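Scroll down for the structure; my scribbles are underneath it.
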2 protein chains.
Amino acid sequence: MLEMSAEGHESQMLMARAAWLYYVAGFNQEAAAKRLGITRARINKLLADARESGLVSIQINQAYVGLLPVEEELRSRYGLDFCVCTPELGQTDAGDQGEAAEEFLRGYAFRAVGMAAAAHLKRHLQANRTAVIGTGWGRTLEQMTLNSTGISAPDARFISLMGSLTANSAYNPFEVVHALARATGGEGHFLPVPFIADSAADRQVLLAQRSVQQALVLAREATVAYISIGELTETSLLRRQEMISADQLVSLRAAGAVGDTNGLFFDAAGSPVDHELNSRTIALGFDDLRQTNVIALVAGVAKQHAADAFLRSGVARGLVIDGDTALRILGK
Amino acid sequence: MLEMSAEGHESQMLMARAAWLYYVAGFNQEAAAKRLGITRARINKLLADARESGLVSIQINQAYVGLLPVEEELRSRYGLDFCVCTPELGQTDAGDQGEAAEEFLRGYAFRAVGMAAAAHLKRHLQANRTAVIGTGWGRTLEQMTLNSTGISAPDARFISLMGSLTANSAYNPFEVVHALARATGGEGHFLPVPFIADSAADRQVLLAQRSVQQALVLAREATVAYISIGELTETSLLRRQEMISADQLVSLRAAGAVGDTNGLFFDAAGSPVDHELNSRTIALGFDDLRQTNVIALVAGVAKQHAADAFLRSGVARGLVIDGDTALRILGK
DNA sequence: GTCGGGATCTTACAAATGTCAAGTTTGATT
DNA sequence: AATCAAACTTGACATTTGTAAGATCCCGAC
């Protein structure tokens, strides 16, 4: 049930050996296959899996590939300490307007922002051996974990700022913290409760648990917190995961909500909306976040309005965003 | 004259952008070419250059791919603190006995050992922020520098343990130290004198220089030293670089020499031979090295006997070696 | 101005890689 | 022992990548 990562050292080892032969020794896939006594097709898949799972990571050592002027404009507009902006792609090709291009851009954005966030995390950990890292959830955070391999930080602690999903996806807060802790050698801590309680009363009960209180104390001590912004549409991750129903989405929008972060819904001015869901979410609230060094991660043009709204709240001190969304926010 | 690295930010930037589009954004070379307005052939070359120059580095995050039993045997045989052994390739393919296979293995060995050494360096720097790293020269060290990108160590110092070549190759001690310093953000220091002085008397004059003395003081403080072993044949790097003449090679062998490290020639027992060249070499001597945490780097089966001899000297405390050479040393 | 020389482009082709459908093995389940 | 599903192999194919040869272009040296 714990998926891929736990499924066995066997294939881990094979992936590593294949990757070694291919990337280090310079074998081609056919030679590597012969060497390991398996088929080329399998080598091919192993290599793909190895990259996907972050076992082999490719890093570009370059001071700058981002969009300096755009970063500066966003920084000053929202009063941020810093802003990192990945390169923009614009339309990928003349022909394809639709689905495919959208989907492609989306995937690119997660990876790009995740990678940039991982670089930021790396710097933070190097400057601060005993850092306490707060994290959110989502595909951007997942990508961040995949690009955090090779960072060593045995004295760091990672703490989820929110409860867990029920489904065990790779972008579950639990998995995010776990992956980061494993990658860096640090400690992982969780909020051992659901993301959204069944009622406000239940929330109180859950919050009162001693283990939850302990986790929240640690969460408030975070030296940096990486949280991602969610949009509020039928195609958003919250909906796909069925964390909220279609009806709830409608009522949230009616209450003025335009997006969420860690399950807290906010309006166009970045203020939490008055909606019963907000009284059931278990996560560090805006007031706590304001005391924290919050880095907002924004990936994908669908989040344009939600990101703009959240940034207006003044909660974020830093921003990592993909170029395309950044340009749209600035109306360019 | 200063080659590639200095030739311009122009192509650096282009390489980085191409690498970004290809590796991060997931464009294929054709799409990336269109995006940057250049031909696919150029993208292809840019990407190859980017990998070659270490601008993009590929890392495999795996605890172990080496040869545990072989490492243990080498470790105990030579009384080492540790031994790392890269995977062996054996004969690459049934058909090709000759040149091509040899050459291939050779290139593989440099890369593999360089990469493993870089990993060791990384660990050392993480455990020891103010480390002083002594280095030798050669193709293995060059590969080590290429795989050291992305390590941050602003308080570390790198010091060459020997004088410079006259030609400015990428494996010149000067270049090795420079590359490491640049990659990690640390300080680079050199012995600003030739590798081999024209006479023993000249050597004394050069050694007496204040700047040389200062450098040697630092070199003796090294917390770890990475030096590579050279074989003593017509095809060795020393000969190819014309650091020694064919006649000198013959007389060295006559004096019992089987290899060198940093230009110091030793016999089958690992003791420095009595030869005039050894009185002209400017490098940290065996006595100083014995006070230092010396890691020997051995890449390539040609170095089998030289490596065995050097290890007998007891100067080395650690060993990084490619699997094929390791197996031959053990007679397997 | 003009004469190299090097880098880039164009074009074409060879090699390597990614992918798929269909058959086979393997091992767990019943 | 029979059955099933997952993982793997086989063989074939489409796409992508690597590379070479000649044509051009650009730039500095003379």
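Remember, predicted model here, so these are calculated numbers, not experimental data. Every chain is numbered from 1, with letters handed out A, B, ... down the list of sequences.
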- Note on the structure: Rounded to the nearest 0.5 Å, the CD atom of Gln304(B) sits from the CD atom of Glu231(B) at a distance of 11.5 Å

- Taking CD1 from Ile43(B) and P from dA7(C), how many angstroms apart are they, rounded to a whole number? 18 Å

- Separation of dT10(C) C1' from Lys45(B) NZ (nearest whole Å): 17 Å

- Query: Are the ring centres of His178(B) and Phe190(B) closer than 6.0 Å?
  - Reply: no

- Taking the six-membered ring for Trp and the full ring for Phe, Tyr or His, determine whether the centres of Trp137(A) and Phe195(A) are under 6.0 Å apart. yes

- Would a distance-only check, ignoring hydrogens and angles, find a side-chain to backbone donor-acceptor pair under 3.5 Å from Tyr23(A) to Ala18(A)? no

- Message: Could you check whether atom CD of Glu52(A) has more than 12 heavy atoms from other residues, nucleotides or ligands sitting under 6.0 Å from it?
- Response: no

- Starting at CD1 of Ile38(B) and ending at P of dT10(C), how long is that distance when rounded to a whole Å? 12 Å

- Can we say Asp49(A) and Lys45(A) salt-bridge, meaning some charged N sits less than 4.0 Å from an Asp/Glu carboxylate O? yes

- Task: Can you see which heavy atom on Leu67(A) is nearest to which on Pro87(A), and at what distance?
- Result: CG-CA, 4.5 Å

- dT10(D) P sits how many Å from Lys34(A) NZ, rounded? 13 Å

- Atom CG of Leu14(A) to atom P of dA7(D): distance rounded to whole Å? 14 Å

- Note on the structure: In B/S/- notation (B base, S sugar-phosphate only, - none; protein heavy atoms under 4.0 Å), nucleotides 13-24 of chain C written 5' to 3' is ---SBBB-----

- Note on the structure: Bend of the helix from dG1(C)-dC30(D) to dT30(C)-dA1(D) from end-axis comparison, five pairs per end, nearest 10°, comes to 30°

- With Arg42(B) via salt bridge (Lys or Arg N to Asp or Glu O under 4.0 Å) - residues at least two apart: none

- OP1 or OP2 of dT9(D) less than 4.0 angstrom from a side-chain nitrogen or oxygen of Arg42(A), does that happen here? yes

